[in-house]
Amino acid sequence: MTGARIGLEVHVYLRTRSKLFCRCSADVLSATRANTQVCHVCTGQPGAKPLAPNRAAMEAAVRLARAAGSALAPRTRFLRKHYFYPDLASNYQRTSEPIATAGSLAGCALWEMHVEEDPGAYDRETGLVDYNRSGAPLVEVVTAPELTSPQHARRLLHELRLALDYLGVGRGEAGMKADCNVSVDGGERVEVKNVNGARNVERALAHELERQRTEGATRETRHFDEATGRTHPMRAKETEADYRYLADPDLAPVDLAALARSLPDEESPFARRARLATLAGVADEDASPLLEERALADLFEAGPTRARFQFLVRDLRAELDYRATTLATSGVPTADLDALLVARETTRITPLVATRLLRHAFDHRGLHGALDDELTAAPADDALTDAARAALADHPKAVADYRAGKPSALHFLLGQAMRHAKGRADPNALRDTLERLLADP
Amino acid sequence: MSVEAVERALERLGADPWRAFLHVDADGARERARRVDPDAPLAGLVASVKDNLAWAGHPMTCGSRHLERYVAPYTADVVARLEAAGAVVLGKTNMDEFAAGSSGENSAFGPTLNPRDITRVPGGSSSGAGASLAGGVVDVALASDTGGSARAPGAFCGVAAFKPSYGALSRHGLADLAMSLETPAPMARDVPTLLRLHRALTGVAHVEATPDALRIGVPREMFEGVAEDVERPVRDALRRLERKGARLVDVSIPSLRHALAAYYVTNYAEFASAMARYDGTRYGAERAFGPEVERRILLGTFVTSREGRGAWYDAAVKARAQVAREFSAALAACDVFMAPTMPMRAFPLGERAQDPRSMYAADVLTVSANLADVPAGSVPLRVEGLPVGLQVLGRRGDDARVLGAMQAVDAA
């Protein structure tokens, strides 16, 4: 028994403005009509030559490779991978030699990374081809067959997505596809092609492992049916396809070493996560939400307390999810959020007010003085003492109860004092004041 | 000036007895002629464009039935420059199908005839470009050169042709044949007009060459197997330059003996890749390629396949590098090389059409410039009978000096 051996070939979109070899928009997932983001280059018109590989795409891939701790190749050439399929404009796909080797994600070793162009989309029903996607930049990550469970595979995909999101070069889950190579107990390797998204990868693998354990496995390629959650045979893999790779004569090699030198040094997202997790006093994985946007990690690191961590991964996260937005696209200046957090952490505003101000910031793309208004309205230390004294004076019985050893009386007094403070006092600070006065009247 | 030039060109063309053109845009040309800026560098010149260069809104057949109904949706960079410089494009010229040919006989729309002698081939693959110039129809022509496709018709038709260094002219809009070898190539009725065209296309003027400062390398291997009626006028031209003070240097480039094989294997490999898109579902619906195109697709697929690659394609890549190294080394000792362009004068139509190897052999002197990626031009010599071309080759990027040397040959 050697258990499950799983290796993935993952394809993810890189977020760039233009496609890999032409100036068409690479925002292909939001296109609403077929063949509206195409030109003579990405439709392979006779004589149309590719532009040099999109620098932003190459940079994104290099940064991802660094994030995974991979060894960067000094240079790479784009090769033509020949096969006949209606979605391939020229019946070859341009794919780079490995831009990096080794490295790891989610504790699984990586073999290599490539940059390549997406083919178009072929509709078998109608026989029509939409070339909007044709030429969009992808990075392919090939893992070692070291993943041990479907959950492990899913975790790797999450980590990959996290790295891309943190670096600001991913398109989220959208368009993430994996070819899954899987075997159990030293049996034959089966490839499940083109599975969409982390959840389906986990489902496909779980089904496939179960199937192989009961039915056994032969060397073949299978297809995953998302509706039924089952895999079906596609073709037996008798021989390796011969793609007749040819260095694309239209493209000069890319000097990756020079490109890497031109990029600023940056801490790997995973190293940063480990550091921030220690600061927050949480486990590594629990700090992952901070990587979803670099701005979140920056906000945390500006004042790395447990309280701030909680606010960012709970309150702010909830707000972002509710509004289906990101910090970057919300238009809320991070300086505003930082000021809000500082005010909250120094108890100059209450958690309740902080939440109200947070919503205000998202409604109005910033605080616009709302925090200052709140601060002038908030009771100062003197006011806290006044409110506490008033509550004690109004309720001598509760004071006596407390002193007689009934701690619940403090809750009552706190509520009364808060009324005097018009709800604007920080409950912790107010409680401290009450306790101080009760101990030493 | 351009208006009259277009009328004269149309008159000379008549019913196109040489099958030089596949598409003539007479009305369009008249219209464009009226709008030419008289101060433009090529004002007054009429041009033809080889049918493997994209010209928006016009057919682009590449000499193939497969693209019979294809209309280019964009304009090649080099055609845009030609028009911007004031030349009026008359139409698209005939060519060997997908530039696969050396004689002009492989066009799906019928062979081009040589205006100097209509029983003979005009040379290819830019056969129509050569004929449109030799027939006196146009002043300048845009063609392409993959292994001699512009220089061969230059030599056979008695006109000037130039293959620039790779990258000197944008290939965007030039239909793929063998992408690492080919480049757009300007041709003209004579050398002075060629210099003018080249300058308008590139912005770079030729460098005047005075014969007494010229060191001319004469590669031994490029005179082997050359017909006597070609070798003699070429040697005479070299002697005339020598008498004017040029120094002739005997050089040897042994790997040239492998150049033809290395060239064709590379050509097949890249050709098969380039032709993959013509799969019968996108452009022409039928399998409508001529035998030479089919031969090259099959051979190119084989030489890049797992079993054929090591012995063929990889070997060709190595041989190519060797030719390039020897070329640079030999060129270090001289300014330019001079040699015949073609090993024979224009041969009769049909003479070599059935035997691909004898057809390929005609390219033996031209392919090395593409393999080594150096600039090379063909100068028409003043001879009795059928034309003879003298080839000038130079260092990579040294296009201006090669053009200057071509002028010196022309003036000697």
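Order of the sequence lines sets the chain letters (A, B, ...), proteins ahead of strands, with each chain counted from 1. What you see is a predicted model; the values in this text were computed from it and never measured.
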(request) Anything under 30° is parallel, anything over 60° is perpendicular, the rest tilted; go ahead and classify A:His40 against B:Tyr74. (result)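 Because their plane-to-plane angle is under 30°, the rings of A:His40 and B:Tyr74 count as parallel.
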
Closest non-hydrogen atom pair, [X] against [Y]:
X	Y	answer
A:Tyr85	B:Arg282	O-NH2, 3.1 Å
A:Pro249	B:Ser180	CB-N, 3.6 Å
A:Asn91	B:Ala276	ND2-O, 2.8 Å
A:Pro46	B:Tyr283	CD-OH, 3.4 Å
B:Asp176	A:Tyr92	OD2-OH, 4.5 Å

(message) If you count every heavy atom of other residues, nucleotides or ligands that lies below 6.0 Å from A:Arg222 atom CZ, does the total exceed 12?
(response) yes

Is chain A contacted by the side chain of [X], its backbone, both, or neither, given a heavy-atom distance below 4.5 Å?
X	value
B:Ala272	both
B:Ser273	both
B:Tyr166	side chain
B:Ser170	neither
B:Met275	neither

(message) At a heavy-atom distance under 4.5 Å, which candidate from A:Cys39, A:Ala247, A:Ala89, A:Pro50 has the highest pair count against chain B?
(response) A:Ala89

(request) For side chain to side chain contact (heavy atoms under 4.5 Å, CB included), just list the numbers for B:Arg171 and A:Asp250, CA-CA rounded to whole Å, side-chain angles, deciding distance to a tenth of an Å, and then say yes or no. (result) CA-CA 9 Å; B:Arg171 290 181 302 121; A:Asp250 287 337; 3.0 Å; yes

(message) Looking only at heavy atoms and a cut-off of under 4.5 Å, which of B:Ala76, B:Pro73, B:Ala54, B:Gly173 has the most pairs with chain A?
(response) B:Gly173

(request) Please round to the nearest 0.5 Å and tell me the distance separating atom CZ of B:Arg309 and atom OH of A:Tyr245. (result)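 Interatomic distance, B:Arg309 CZ to A:Tyr245 OH, rounded to 0.5 Å: 10.5 Å.
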
(request) Drop me the distance from B:His172's NE2 to A:Leu51's CG, to the nearest 0.5 angstrom. (result)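 That separation rounds to 7.5 Å.
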
(request) Below 4.5 Å from any heavy atom of chain B, which atoms of A:Tyr243 appear? Answer side chain, backbone, both or neither. (result)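 Interface part for A:Tyr243: neither.
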
(message) Tell me which one of A:His82, A:Arg80, A:Arg244 satisfies side chain to side chain contact (heavy atoms under 4.5 Å, CB included) with B:Thr304.
(response)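 Running side chain to side chain contact (heavy atoms under 4.5 Å, CB included) over A:His82, A:Arg80, A:Arg244 with B:Thr304 returns exactly one hit, A:Arg244.
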
(message) Given 3.5 Å as the limit, does a donor-acceptor pair link the side chain of A:Asp242 with the main chain of B:Arg306, or not?
(response)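 Looks like yes, one N/O pair under 3.5 Å.
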
(request) Determine yes or no for a side-chain-to-main-chain donor-acceptor pair under 3.5 angstrom, with A:Lys49 supplying the side chain and B:Leu174 the backbone. (result)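 Yes; at least one donor-acceptor contact below 3.5 Å.
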
